[in-house]
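A quick write-up on the structure given underneath.
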Amino acid sequence: MASVTFDKATRVYPGSTKPAVDGLDIEIEDGEFLVLVGPSGCGKSTSLRMLAGLEDVNGGAIRIGDRDVTHLPPKDRDIAMVFQNYALYPHMSVADNMGFALKIAGVNKAEIRQKVEEAAKILDLTEYLDRKPKALSGGQRQRVAMGRAIVREPQVFLMDEPLSNLDAKLRVSTRTQIASLQRRLGITTVYVTHDQVEAMTMGDRVAVLKDGLLQQVDSPRNMYDRPANLFVAGFIGSPAMNLVEVPITDGGVKFGNSVVPVNREALKAASDKGDTTVTVGVRPEHFDIVELGGGEAAKSLTKDSSDAPAGLAVSVNVVEELGADGFVYGTAQVNGESKDLVVRVNGRQIPEKGAQLHVVPRPGETHVFSTSTGERLTD
Ligand SMILES: Nc1ncnc2c1ncn2[C@@H]1O[C@H](COP(=O)(O)OP(=O)(O)OP(=O)(O)O)[C@@H](O)[C@H]1O
Ligand SMILES: [Mg+2]
C-alpha cells in the first residue's frame, strides 16, 4: 500500500497548446479512496492515465509512496486498473480472466488458483469461475473486472467509470459494494466518474476538475457545505444549488423583500473588488416556505419597509413529486429579471402548479460568491 502524489502534473497532448491536465496537485493518503469528478473532457481520464503510465507527463511529477514513477513504464508501477468496458477476454473463463495477469507474470498455477478463489469469494463469484463472460450479467462482469485487479494485490487501484455500463439500480448497489470492498482491502484507490452522486457517496475525498484545472479537493461534507467557487457550487448537489446575483446593501444582501445577513468581511471583500453585487447560492433543500403572517425563518430576517411578505415570491411552474419530498421549479423576479429557482418542499405539502410561494433562505445555509471571480466569499 502507498500514498499517491500528483505534483503539478501536466499533460499537453501533441498538437494542442492547452494542457488537458494543468498543474494537478493532489496528495492521496495511503488507503484513501479519492474520487476525481467533473464534466466530460475536464481531464479525469487523462489524470488517471498519467498515474497509470499510459500517458506521458509533460510537466511536474507523479509519485507512488516515495517512488518517483513519472517516467516508469506501467508494468513497473504496481497498480491495477479497472476500465469502463471491463475489457474481459471473451474466450477465457472467469477464472482465467481473473488470473491472467498473474500467469503473464509467471506465477505458478497453484498460487494463481488460490488467489483467484480468494478473490472470487470476496466478490461472490465462486459459482461462476468456469463460465465465459458472455454468460454473465453486467454486474457480474463488472465484479470479474474488479477480481482481476484484486488478485494482483497492487499498491494502487485505478478505476475509470467502472459502473457506467450498469443500469441505474445495479449502479447503486455496486457502488456500495466497491466502496466497502475498498475499505476492507485498504488499498489506495483513485476512482473517476462524471456522476457527482457517485463521487459524494463513495469518496473519502472528492477532487473536482474543470478544463484541466483542479477546483477543490475536499471531503464530501465540505464539498457540500463549503464549495470553493461557483463552479463547484453548481456541480455538487442535485438538483443544483440556486445561484442568484443580488445587490449588496447595508449589512447583507437583498433577497426579494428581505435582507439576508451576510458576514461583513465577505461583503467588504466584494466591494473592494469593485463589485456592487454578489452571487448568493441557496440549495433547493435550504429554502423555508414563509407562511403568510411569518414563519420562524422570516422572523430572523430584516424585512424591508414594504407590506409585501418577507422573502422571494416564486410562481410554481412545474412540480416533481418524489414521494418523501418534492421539487418545485418556479420563477421569481430578482432585480427586475425573471430567474428560475428550484425549491424542495415537503412531500405531503406539494403546492399546485400556478400557485405562489414565498421563500427565504435558511439562516446559515447561504453561500456567497464573488460575481466577478466566482470565488467563495463566506467562510
Ligand atoms: N489522445 C488524445 N489526443 C488529444 N487530445 C486528447 C486525447 N485524449 C483526450 N484528449 C483531450 O483532452 C481533454 C481531456 O480528456 P479526458 O479524456 O481526460 O476527459 P474526461 O474528463 O475523462 O472526459 P469524459 O468524462 O468524457 O471521459 C479533452 O479535451 C480531450 O478532447
Ligand atoms: Mg474519461
Side-chain angles (χ1 to χ4, degrees), residues 4-26 28 33-62 64 69-71 73-74 77 79-88 138 141-142 145-146 148-149 156-168 171-172 174-175 178 189-203 205-218 220 223 227-238 240:
V4 169
T5 309
F6 286 92
D7 183 356
K8 303 192 177 54
T10 299
R11 172 63 176 147
V12 185
Y13 282 108
S16 171
T17 48
K18 195 176 155 296
V21 174
D22 195 351
L24 181 63
D25 253 333
I26 310 180
I28 305 163
F33 196 123
L34 182 100
V35 180
L36 283 177
V37 69
S40 184
C42 70
K44 305 180 293 294
S45 296
T46 304
S47 304
L48 202 67
R49 291 168 58 82
M50 284 199 284
L51 173 55
L54 300 171
E55 212 62 77
D56 286 343
V57 178
N58 306 110
I62 293 182
I64 298 179
V69 300
T70 316
H71 303 293
R77 295 194 181 199
I79 47 132
M81 192 147 170
V82 181
F83 295 94
Q84 167 175 358
N85 58 9
Y86 324 142
L88 301 179
R141 279 180 216 169
Q142 203 284 330
M146 287 291 296
R148 208 166 39 175
V156 187
F157 279 141
L158 307 184
M159 304 188 196
D160 195 347
E161 310 242 6
L163 305 183
S164 51
N165 284 348
L166 305 181
D167 66 44
R171 280 180 81 120
V172 173
T174 310
R175 84 179 179 220
I178 292 182
T189 300
V190 186
Y191 184 103
V192 163
T193 179
H194 63 270
D195 180 339
Q196 55 97 14
V197 178
E198 230 168 86
M200 294 291 277
T201 52
M202 296 178 84
R205 281 190 305 160
V206 177
V208 178
L209 285 176
K210 181 195 173 220
D211 298 336
L213 291 166
L214 181 65
Q215 305 291 305
Q216 184 171 3
V217 51
D218 229 325
M223 277 292 167
N229 59 38
L230 282 173
F231 178 78
V232 178
F235 189 76
I236 298 287
S238 176

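No hydrogens, no waters, no symmetry mates; every other heavy atom, side chains included, goes into these values. Indexing begins at 1, ligand by ligand and atom by atom, following the structure's order. The structure displayed is predicted, hence computed values, not measured ones.
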Worksheet item: For ligand 1, which atoms have a heavy atom of Gly43 less than 4.0 angstrom away?
Response: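 Checking each atom against Gly43, I get 14 (C), 18 (O), 19 (O), 20 (P), 21 (O).
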Discussion item. I need the atoms of ligand 1 closer than 4.0 Å to a non-hydrogen atom of Ala20, numbered in the order shown.
Written reply: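 Listed by number with element: 12 (O), 13 (C).
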Worksheet item: Is Ser16 in contact with ligand 1, taking contact as a heavy-atom separation below 4.0 Å?
Response: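 Flag not set, Ser16 not near ligand 1.
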Discussion item. If the contact criterion is a heavy-atom separation under 4.0 Å, does Gly38 count as touching ligand 1?
Written reply: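 For ligand 1, residue contact (heavy atoms, under 4.0 Å) with Gly38 is absent.
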Discussion item. If you apply the rule side-chain contact (heavy atoms from CB on, under 4.5 Å), what do you find for Gln196 with Met223, and how did you get there?
Written reply: CA-CA 11 Å; Gln196 55 97 14; Met223 277 292 167; over 6 Å; no
Discussion item. Run Val190 and Leu48 through side-chain contact (heavy atoms from CB on, under 4.5 Å) and show every step you take.
Written reply: CA-CA 8 Å; Val190 186; Leu48 202 67; 3.6 Å; yes
Discussion item. Quick test: of every protein heavy atom, which one is nearest to atom 9 (C) of ligand 1, and how far off is it to 0.1 Å?
Written reply: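 Of every protein heavy atom, Tyr13 CE1, 3.4 Å lies nearest to atom 9 (C) of ligand 1.
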Worksheet entry | Expected output: side-chain Arg205 to main-chain Phe33 donor-acceptor under 3.5 Å |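 No; judged by distance alone, with no hydrogens or angles, the pair does not exist.
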Discussion item. Any side-chain to backbone donor/acceptor pair from Asp56 onto Asn58? Under 3.5 Å, distance only.
Written reply: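 A pair under 3.5 Å: no.
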Worksheet item: What are the two closest non-hydrogen atoms of Thr10 and Gly23, and how far apart are they?
Response: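 So the two residues come closest at OG1-N, 2.9 Å.
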Shortest heavy-atom approach to [atom] - which of [options]:
| atom | options | result |
| --- | --- | --- |
| atom 25 (O) of ligand 1 | Arg11, Arg49, Lys44 | Lys44 |
| atom 18 (O) of ligand 1 | Val21, Asp160, Val12, Thr46 | Thr46 |
| atom 26 (O) of ligand 1 | Ser45, Gly15, Gly212, Ser40 | Ser40 |
| atom 19 (O) of ligand 1 | Gly41, Ser47, Ser164 | Gly41 |

Discussion item. Does the protein place a non-hydrogen atom closer than 4.0 angstrom to atom 31 (O) of ligand 1?
Written reply: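 Looking at atom 31 (O) of ligand 1, one finds that no protein heavy atom lies closer than 4.0 Å.
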Worksheet entry | Under 2.8 Å: N/O/S of Ser45 next to the Mg ion (ligand 2) |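 So Ser45 does bind the Mg ion (ligand 2) by this criterion.
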Worksheet item: With the threshold set at 4.0 Å, does a side-chain nitrogen-carboxylate oxygen contact exist between Lys44 and Asp160?
Response: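 Salt bridge flag = no for Asp160 with Lys44.
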Worksheet item: Is any NZ, NE, NH1 or NH2 atom of the basic residue among Arg175 and Glu198 found under 4.0 Å from an Asp or Glu carboxylate oxygen of the other?
Response: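 No, Arg175 and Glu198 are not salt-bridged.
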Worksheet item: Yes or no on side-chain contact (heavy atoms from CB on, under 4.5 Å) for Ile28 and Thr5, after CA distance, side-chain angles and deciding distance?
Response: CA-CA 6 Å; Ile28 305 163; Thr5 309; over 6 Å; no
